[in-house]
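Following: one structure in structure tokens, then a few remarks.
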Amino acid sequence: MEKGLGQFFEDYLEQESLFTNKEHLQPNFVPETITHRDEQLHSVASILAPCLRCQKPSNLFVYGKTGTGKTLTVTYTTQQLESVAKKKNLPLKIIYLNCKLKKVADTEYRLIAQLAREFGKAIPPTGLPTDEVYSIFFKEIDKEKRIILIVLDEIDVLVGKIGDEMLYNLTRINAELKNAQLSIVGISNDVIFTERLDPRVKSSLSEEEIIYPPYNALHLQQILEQRVKLSMRKNAVAEGVIAKCAAIAAREHGDARRAIELLRVSGELAERDGSTQIAIAHIDQAEDTIEKDKVIELVKGQPKHYQATLFSIFDLGTQRKDALFTGEVYEHYKYVCQQVALRPLTQRRVSDIIGEFDVLGVINAKVISKGRFGRTREIFPSTSQGLVDNAKATLSEELGL
DNA sequence: GTCAATTCACATGAAAGAGACCACGGTCTAGTG
DNA sequence: CTAGACCGTGGTCTCTTTCATGTGAATTGACGA
């Protein structure tokens with residue numbers, strides 16, 4: 001071991017990195033050219049263009065599954081708009097908000113507060129009546145004549161949480177503004193989202209709609225190739241690697257984000273191996289790693305009761321191969337709580353928690369009716385056995401079992 | 001055998017409580033000139 | 001006289017509990033053939 005670590009670091013330095021510029025593989029990277037989204041890009045641009053003439057553009061609604069380039073095209077367009085506006089000194093203000101981010105914009109109060117903050121108003125995180133925040137915001141934007149464009153990303157999450165009233169307020173605010181004009185761009189992953197909206201909101205919000213179809217494998221492949229060119233050394237990728245990444249991502253509704261992540265993680269794994277090229281095997285490995293990291297990461301950040309619930313499911317799941325039901329899980333959960341001196345929650349709550357885990361995709365829970373024997377959720381751990389064991393170990397450590 | 005009623009074991013919704021956090025205005029207190 | 005400490009009030013947020021209502025098909029039991 002004399003030359004152990006020192007040698008390792010030296011070798012590490014010697015070895016040329018696979019990546020030349022990893023930034024281009026980060027999920028929030030905005031490339032200069034956008035592949036296979038010309039049509040959408042064009043639509044977005046022409047809908048939003050009037051704001052350069054100081055006219056209020058139509059409200060716009062953008063849907064499509066995750067990783068279909070919605071956020072990308074919208075941010076790209078707004079960036080361009082902003083730079084033109086700046087050059088010509090046009091009164092345009094663009095605000096981008098991701099409604100999914102906790103503690104930023106996931107309640108009405110926080111959303112409006114955040115918007116007001118964008119205009120340089122200090123709003124306390126809590127304590128003020130919501131109306132007050134509204135009026136602060138209102139006064140602030142109406143101070144001067146200008147166009148304001150609010151981009152609400154993942155708007156479906158927000159509405160799911162707090163209802164659509166706030167969107168109604170926002171769209172209506174225009175009628176009362178004397179100087180400024182406000183337009184909203186909503187981005188949603190949920191395609192049938194607008195059907196659940198109040199018709200009034202729906203009609204005013206989606207004056208224009210753009211739908212993003214999923215990428216197919218060929219598109220994904222070209223996107224990946226473009227990114228590879230930007231971010232990796234020549235010959236860093238073995239034959240067929242890109243095709244395989246694209247194929248995997250295409251299998252899941254053409255999610256480009258996932259394809260890129262897969263490629264990046266494969267690259268990291270290859271580098272760690274000391275290989276000079278990403279091989280197909282690295283992709284399989286990457287798929288596992290990503291999955292595993294996601295679950296472990298998720299498990300770690302959860303509150304105790306969530307952990308206890310998940311642990312109960314995994315624990316029962318390893319004992320038994322067939323489906324679990326809410327009742328059983330709850331019984332086991334109560335037992336687990338007792339072990340770690342935790343006051344158990346009611347079954348009502350645990351039922352919700354199970355539902356949340358289902359949404360997160362850690363478990364698979366389907367509501368079924370067993371006829372005379374009632375109605376319940378049929379629960380399966382949705383990941384592989386190895387992963388479950390892994391997660392279980394993490395959980396029992398976290399819980400202090 | 002057929003068909004509607006029953007029944008189970010929860011799911012799902014709504015409302016409301018508890019405990020934290022915070023702003024704001026009023027009052028009190030101690031230090032200063 | 002004034003700055004700062006210290007309430008009380010009123011507001012939001014999150015997590016829960018409580019209470020109420022809904023649900024889908026296996027089972028049951030009445031009915032008719």
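Below, chain A is the first sequence line, B the second, and so on; all start at residue 1. All values derive from a computational prediction rather than experimental measurement.
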Residues passing the salt bridge (charged side-chain N to carboxylate O under 4.0 Å, His left out) test with K294(A), sequence neighbours excluded, are E261(A)
From CG of L345(A) across to C1' of dA18(B) the rounded distance in Å is 14 Å
Here the pair of heavy atoms bringing T68(A) nearest to K65(A) is OG1-O, 2.6 Å
Ranking S369(A) and T346(A) by the position along DNA chain C of their nearest nucleotide, the one closer to 5' is T346(A)
* **Any side-chain heavy-atom pair of I280(A) and E239(A) under 4.5 Å** => no
What are the atom names and distances for every N/O pair under 3.5 Å that joins the protein to nucleotides 6-9 of chain B?
| from | atom 1 | to | atom 2 | distance (Å) |
| --- | --- | --- | --- | --- |
| dT7(B) | O4' | R372(A) | NE | 3.4 |
| dT7(B) | O3' | R372(A) | NH2 | 3.3 |
| dC8(B) | O4' | R372(A) | O | 2.9 |
| dC8(B) | O2 | G371(A) | O | 3.2 |
| dC8(B) | O2 | G374(A) | N | 2.9 |
| dA9(B) | N3 | R375(A) | N | 3.0 |

For E331(A), the salt bridge (charged side-chain N to carboxylate O under 4.0 Å, His left out) test, sequence neighbours excluded, returns K334(A)
Hits for ring pair (Phe, Tyr, Trp, His ring centres under 6.0 Å) against F61(A), two or more places apart or cross-chain, chain-then-number order -> Y63(A), F193(A)
Picking from dA11(B), dT17(C), dC13(C), the nucleotide nearest the side-chain atoms of R110(A) would be dC13(C)
In whole angstroms, the gap separating P of dC22(B) from OH of Y109(A) amounts to 11 Å
Both conditions, 6.0 Å and 45 degrees, for the charged tip of K22(A) above the ring of F29(A): are they met here?
no
Sorted by number, residues from residues 331-340 of chain A placing a heavy atom under 4.0 Å from DNA chain B are none
Sorted by number, residues from residues 310-319 of chain A placing a heavy atom under 4.0 Å from DNA chain B are none
With sequence neighbours left out, the residues meeting side chain to side chain contact (heavy atoms under 4.5 Å, CB included) with R349(A) are Y306(A), L345(A), T346(A), D352(A), I353(A), E356(A)
Applied to residues 37-48 of chain A, the side-chain hydrogen bond (donor to acceptor under 3.5 Å, both in side chains) test, sequence neighbours excluded, yields none
Given dA11(B), is OP1 or OP2 found less than 4.0 Å from the side-chain N or O atoms of T326(A)? yes
By side-chain hydrogen bond (donor to acceptor under 3.5 Å, both in side chains), T66(A) pairs with (sequence neighbours left out) H253(A)
note: Y330(A), atom OH; dT17(C), atom C1'; distance rounded to Å ~ 11 Å
* I95(A) versus L149(A): any side-chain heavy-atom pair under 4.5 Å? -> no
Item to complete: State whether R377(A) places a side-chain N or O below 4.0 Å from either non-bridging phosphate oxygen (OP1 or OP2) of dG24(C).
Response: no
For Q80(A), the side chain to side chain contact (heavy atoms under 4.5 Å, CB included) test, sequence neighbours excluded, returns Y76(A)
Does the plane of the ring in Y215(A) sit parallel, tilted or perpendicular to the ring in H219(A)? Use 30° and 60° as the thresholds. perpendicular
The correct set of residues in residues 348-363 of chain A placing a heavy atom under 4.0 Å from DNA chain C is R348(A), R349(A)
When rounded to whole Å, the CD1 to C1' distance for the pair I368(A) and dA26(C) reads 12 Å
Those residues at least two apart in sequence (or on a different chain) that pass side chain to side chain contact (heavy atoms under 4.5 Å, CB included) with R146(A) are P91(A), F119(A), E144(A), I148(A), A180(A)
